[in-house]
Trainee: 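I'd like to ask some things about the structure below.
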Amino acid sequence: MALPRAVKIRKDSVEYTNNVEAVQYTINELIRAALRDCGKLFCNRFRQAYYRAFKRKKGNVGRFTQYWVRSKQEKPDLLVGIKPNAFYGGMQEFGSSKTARLGLLTSTVQNNIDTMQEIQAQYLSAINQENPVVNDEEYEGGADG
């Protein structure tokens, strides 16, 4: 989808420019990019936790973890999980009657919530670089000096 154009309105020889749609599009794209980076972070940290828990150097678990950034909804969201063909991955995550629950993916996400917030704050601060925040003190002083 292309960046929406600004709407220009002329009224009494004054031109108003409405950039609301463009800003909403930019915010959604920044959110989507931040969620994508968070998904990469969670998958990498899960793989490290898995290799530490099972004392393996390499394995197939890297192919069976994935993140999905869904952007078809009103606001983008992130799903991180174990693919359906990784039957034992689900068993290790949630446990069964014969195996203990490891919860590696759940604990990885819970331990990295602060990191996720930092990543999202860094991406969303980019909106201020395009349109910097105006300081209210400049207008309060006005002509009174």
Side-chain angles (χ1 to χ4, degrees), residues 1-11 14-142:
M1 182 173 154
L3 182 66
R5 293 182 175 234
V7 178
K8 294 183 180 181
I9 302 169
R10 292 183 183 206
K11 189 174 189 181
V14 176
E15 185 174 297
Y16 299 99
T17 305
N18 183 357
N19 289 330
V20 173
E21 289 182 5
V23 171
Q24 286 176 342
Y25 175 80
T26 305
I27 288 173
N28 277 341
E29 288 300 309
L30 289 172
I31 290 172
R32 200 171 60 78
L35 290 175
R36 210 173 45 234
D37 279 357
C38 289
K40 289 177 189 177
L41 172 80
F42 292 147
C43 286
N44 288 335
R45 298 265 171 99
F46 167 75
R47 291 175 193 138
Q48 292 170 359
Y50 181 86
Y51 295 139
R52 270 186 268 128
F54 292 102
K55 303 199 184 339
R56 292 184 180 175
K57 291 184 181 177
K58 271 198 163 185
N60 290 334
V61 73
R63 292 187 303 163
F64 298 126
T65 56
Q66 187 174 357
Y67 64 93
W68 298 268
V69 177
R70 299 186 304 178
S71 58
K72 299 287 184 190
Q73 293 82 10
E74 190 173 311
K75 292 183 181 178
D77 64 346
L78 174 68
L79 297 174
V80 180
I82 301 169
K83 291 182 185 178
N85 59 352
F87 176 76
Y88 292 110
M91 289 273 223
Q92 292 164 351
E93 181 68 24
F94 300 113
S96 69
S97 62
K98 296 182 181 182
T99 60
R101 178 184 187 273
L102 294 178
L104 294 174
L105 185 60
T106 306
S107 63
T108 300
V109 171
Q110 289 175 347
N111 293 339
N112 291 304
I113 288 177
D114 294 335
T115 310
M116 178 182 73
Q117 289 173 345
E118 290 173 8
I119 290 172
Q120 290 180 349
Q122 183 178 11
Y123 269 93
L124 292 177
S125 67
I127 196 80
N128 289 336
Q129 293 173 357
E130 187 175 317
N131 296 321
V133 175
V134 178
N135 191 0
D136 290 338
E137 294 172 3
E138 294 175 6
Y139 293 96
E140 289 175 2

Trainee: In Å and rounded to the nearest 0.5 Å, what is the CG to OG1 distance from N111 to T106?
Mentor: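 It is 10.5 Å, given to the nearest 0.5 Å.
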Trainee: Can you check whether L78 reaches R36 side chain to side chain, under 4.5 Å on heavy atoms?
Mentor: no
Trainee: Is the closest side-chain heavy-atom distance between T65 and R47 below 4.5 Å?
Mentor: yes
Trainee: Are side-chain heavy atoms of L79 and Y67 found at a separation under 4.5 Å?
Mentor: no
Trainee: Looking at NZ of K40 and CZ of F42, how far apart are the two atoms once the value is rounded to the nearest 0.5 Å?
Mentor: 14.0 Å
Trainee: Would you sort out whether L35 and Q120 count as a side-chain contact (heavy atoms from CB on, under 4.5 Å), showing the intermediate values?
Mentor: CA-CA 7 Å; L35 290 175; Q120 290 180 349; 3.3 Å; yes
Trainee: Can you tell me how far CG of N112 sits from CD1 of I119, rounded to the nearest 0.5 angstrom?
Mentor: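 Going from CD1 on I119 over to CG on N112, the span is 8.5 Å.
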Trainee: Please name the pair of heavy atoms, one in G39 and one in V80, separated by the smallest distance, quoted to 0.1 Å.
Mentor: CA-CG2, 4.4 Å
Trainee: A side-chain contact here means heavy atoms from C-beta on lying under 4.5 Å apart; do L41 and D37 qualify?
Mentor: no
Trainee: So which heavy atom on W68 is nearest to which on G81, and how close?
Mentor: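 So the minimum-distance heavy-atom pair works out to CZ3-N, 3.7 Å.
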Trainee: Is there a side-chain contact between F46 and Q48, using heavy atoms and a 4.5 Å cut-off?
Mentor: no
Trainee: So do R70 and P76 actually touch side chain to side chain, heavy atoms under 4.5 Å?
Mentor: no
Trainee: To the nearest 0.5 Å, tell me how far I113 CD1 sits from C38 SG.
Mentor: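 With rounding to 0.5 Å, CD1 (I113) is 11.0 Å from SG (C38).
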Trainee: Using 0.5 Å steps for rounding, measure from the OG atom of S125 to the CD atom of Q122.
Mentor: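 Rounded to the nearest 0.5 Å, the OG-CD separation comes out at 6.5 Å.
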